[in-house]
Each structure stands twice: as C-alpha cells, then as structure tokens.
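Reading through the structure tokens given below for one structure.
This one's a predicted model, so the numbers in the text were calculated from it and none came from an experiment. Reminder, nothing fancy here: chain letters follow the sequence lines and each chain counts from 1.
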Protein chains: 2
Amino acid sequence: MENENKLIDDFKDLLKKKGMKFTEQRAIILQILFSIDGHLNAEEIHDVVKKDYPDSNIGIATVYRTLSFLEEANLITSISFGTEGKRYEGNTKKHHDHLICTKCGKIVEFMDSEIEKKQEQIAKKNGFEITSHNMQIFGICSDCK
Amino acid sequence: MENENKLIDDFKDLLKKKGMKFTEQRAIILQILFSIDGHLNAEEIHDVVKKDYPDSNIGIATVYRTLSFLEEANLITSISFGTEGKRYEGNTKKHHDHLICTKCGKIVEFMDSEIEKKQEQIAKKNGFEITSHNMQIFGICSDCK
DNA sequence: GTCAATGCAAATCGTTTGCATGAAC
DNA sequence: GTTCATGCAAACGATTTGCATTGAC
C-alpha cells in the first residue's frame, strides 16, 4: 500500500507537470493495470472497471484515452499481434519480451540478456534508438500443436 | 522471366492441389508481392493493382482474401506494428527480421544468426514451435530522433 | 469561474461476410 | 454444367471524435 500510494503520488505529479487533471477514472485505470498480472486489452480493462468499481461508470472512450496517455508516459507497455488490438501491462516488472501463440493467444514472458545486447548492437548500427525495447516471437504453443 | 513463370507455374500447381481455381486476380496480386521490394498493406496493394493493371478492377475484398490465402500457403509473410494493420512481402529473400520506426514507419531488415539460435532455444524450452519466425524490434530511427 | 475530462453516440478505419453474378474447369 | 471466385455493398469490431455536460483546480 505504500507502493500504491507512491504510484498514485507520482501519477499526480506527472499530471500536474503536464497541466492535466487528476481524476478518479485515470486513477482507477492505472490501479488496474498495476494490480492485475496479465496483458489486457481496452475492453477487458473496461470490464474490470465495471466489475470492481461498479459505481464509477467509466466510458470506453475514457479507457482508450487513458491508455494512450499512460503508454506515451511510459507507465504501461503495449504488445499486439495479428489483427488483435493492443494489450497492455503495467511497467512494474523488469523488462522482458514475449513469446506469443498465434493460435490461442497465450503469452509467455522471457528475458535473455544476450539477445538484448545483440538487439542494441543491431539498432545502433542502423541508427535506431530502441525506445520501447519490444520484441515478440510468434509461434504455436504446445497445447495448440 | 523464367523465374516469373516458375512462380506462376508453382502457384497453379498449389491451387490445383487445393481444389482452387487459377484466376487473373490471384496471379496479379502474387506478381505484385514478388516484384515490389517493400512491405505493403492491403490498401496499398489495391492501389498498385489499380495503377499497374487498370483494366482488371480487382475488389478490395479479393485482395484481402488472396492475401490471407498466400500467407497461409507461406508464399508471403506479414508483419504488423501498433494499430497499423498487416504489411506483406513476398517470400523471395532469405529469412530476416525487422527493425521498425514507430514514428515514421520505416522498416529496416536485418538478420542475426545468433539471435535466431537463441530464439529457437527459448521457444523450445517453453514448448513453442516457431512457425513464422517473426521478430520485430521497435524504436525511433535516426531521421525521427 | 475556467478549462480540461468525461460519457455518450456518431463517425471512422481496416477487415470480413453474404449474395447474386461471372469465370474456371 | 458445376463449382468456385469475384465484385459489390452491407456488416463488423476496434478505436476515435464531436459535443454538451461535469468536475478538478
């Protein structure tokens, strides 16, 4: 809960710095992303809001607007594959990459420092700056084979 | 042109094997993907059709249907990032990965056999079979920095 | 009191589908 | 002649936008 307060306090500071207002809706969406362990899309986040905060009545448009802002502010990260829209996760954990099953959508997180290093080298060689450091490997998981 | 004929001949064989018909529309779309060096989305392919084959009048639905089939048949490969839909390229070249600028959409191709090996190991360890072998690194290119 | 944020509904974008017509076999 | 593919337009799902109202400051 100390962490939670810090999260909210930092968020308030950020909003103030940007001349934006701290609202209950934004706080709720941020909380959800940092308390749920998974990769949710906008609709699923909206469902969680309706379930866990039934009195708040947040519109789906607000969810989308908030997600865009949070991603831009680097508080959350998105992944996406195929036609499926974006899925988001709070930036709590260490950086990691994703192994995604294109059949069932299962997502496995992994981290390999050697690949990371190689990626950096390749990016630098091509004049790129890896901002989001986002790699995705697509395949078929054991359940779907 | 010998290659081109081989491409078309192989395509005819594949269609026959699947009980599907060889049509001018399918041939045109295949040709475009194998003659243009780049990563086009469905709309852009449709534009090329209208420009380079003005008499053919191919509907956008046919473009989508053909692209889905060609991808499934492993004749073309798709990549996608962000909200942007899929972009396709003909499977002429050796396997390679993509470095994508999330600002301007510029795509740089690269290949690193060490990363490939590592990817395989990670996938295997997690019970995944890498079908499309598709990795994308997102960042900001030098022009957009 | 001012200005940004919200909820709602309408609009938009990319993609898919249903169906009658036309083309491949 | 049969069956599959096509073009068209309508339908669709995810996301965005316009606008009047509400709420934060």
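- Picking from dA14(D), dA5(C), dT17(C) the nucleotide with the shortest atom distance to the side chain of E43(A) gives dA14(D).
- Using modelled atom types, one finds a donor on one side chain and an acceptor on the other under 3.5 Å when comparing E71(B) with S78(B).
- Each of I60(B) and R65(B) was assigned the nucleotide of DNA chain C with the nearest heavy atom; the assignment lying further toward the 5' end belongs to I60(B).
- Proximity of T23(A) to the phosphate of dT6(C): a side-chain N or O atom is located under 4.0 Å from OP1 or OP2.
- Per the geometry, CG belonging to N41(B) stands 9 Å off C1' belonging to dG14(C), to the nearest Å.
- Counting any heavy atom pair closer than 4.0 Å across all strands shown, I58(B) reaches sugar-phosphate atoms only and no base atom.
- Between F22(A) atom CZ and dC25(D) atom P there is a gap of 8 Å when expressed in whole angstrom units.
- Checking the phosphate oxygens (OP1, OP2) of dT15(C), a side-chain nitrogen or oxygen of Y64(B) falls inside 4.0 Å.
- We find that NZ of K16(A) is positioned 16 Å from P of dA4(C), with the value rounded to whole Å.
- For A61(A), taking side-chain heavy atoms from C-beta onward, the closest of the listed nucleotides dA9(C), dC25(C), dC8(D) is dA9(C).
- To the nearest angstrom, C1' of dC8(C) lies 11 Å from NE2 of H46(A).
- Between E71(A) atom CD and dT16(D) atom P there is a gap of 11 Å when expressed in whole angstrom units.
- If G19(B) and G59(B) are placed on DNA chain D by their nearest nucleotide, the residue sitting closer to the 5' end is G19(B).
- Considering every non-hydrogen atom in both A42(A) and V63(A), the closest pair reads O-CG1, 3.7 Å.
- Heavy atoms of E24(A) sit nowhere under 4.0 angstrom from any nucleic acid atom.
- A side-chain hydrogen bond (donor to acceptor under 3.5 Å, both in side chains) with H39(B) holds for exactly one of K86(B), E89(B), R87(B); it is E89(B).
- Between the NZ atom of K12(B) and the C1' atom of dA5(D) there is a distance of 17 Å, rounded to whole Å.
- Among the heavy atoms of the strands lying under 4.0 Å from R26(B) are primed sugar atoms or P, OP1, OP2 only; no base atom is included.
- In this structure, the CD atom of E44(B) is 10 Å from the P atom of dG14(C), given to the nearest Å.
- Of the possible donor and acceptor atoms, none in the side chain of H96(A) sits under 3.5 Å from a partner among the backbone N and O of V108(A).
- Residue-level contact check: N57(A) touches the backbone only, with heavy atoms under 4.0 Å from sugar-phosphate atoms and none from bases.
- Taking for each of Q25(B) and K21(B) the nucleotide of DNA chain D with the nearest heavy atom, the 5'-most of the two is the partner of K21(B).
- Nucleotide dG14(C) holds its P atom 14 Å from the CD1 atom of I45(B), rounded to whole Å.
- In this structure, I32(A) and D52(A) have side chains that are not in contact, with every pair of non-hydrogen atoms separated by 4.5 Å or more.
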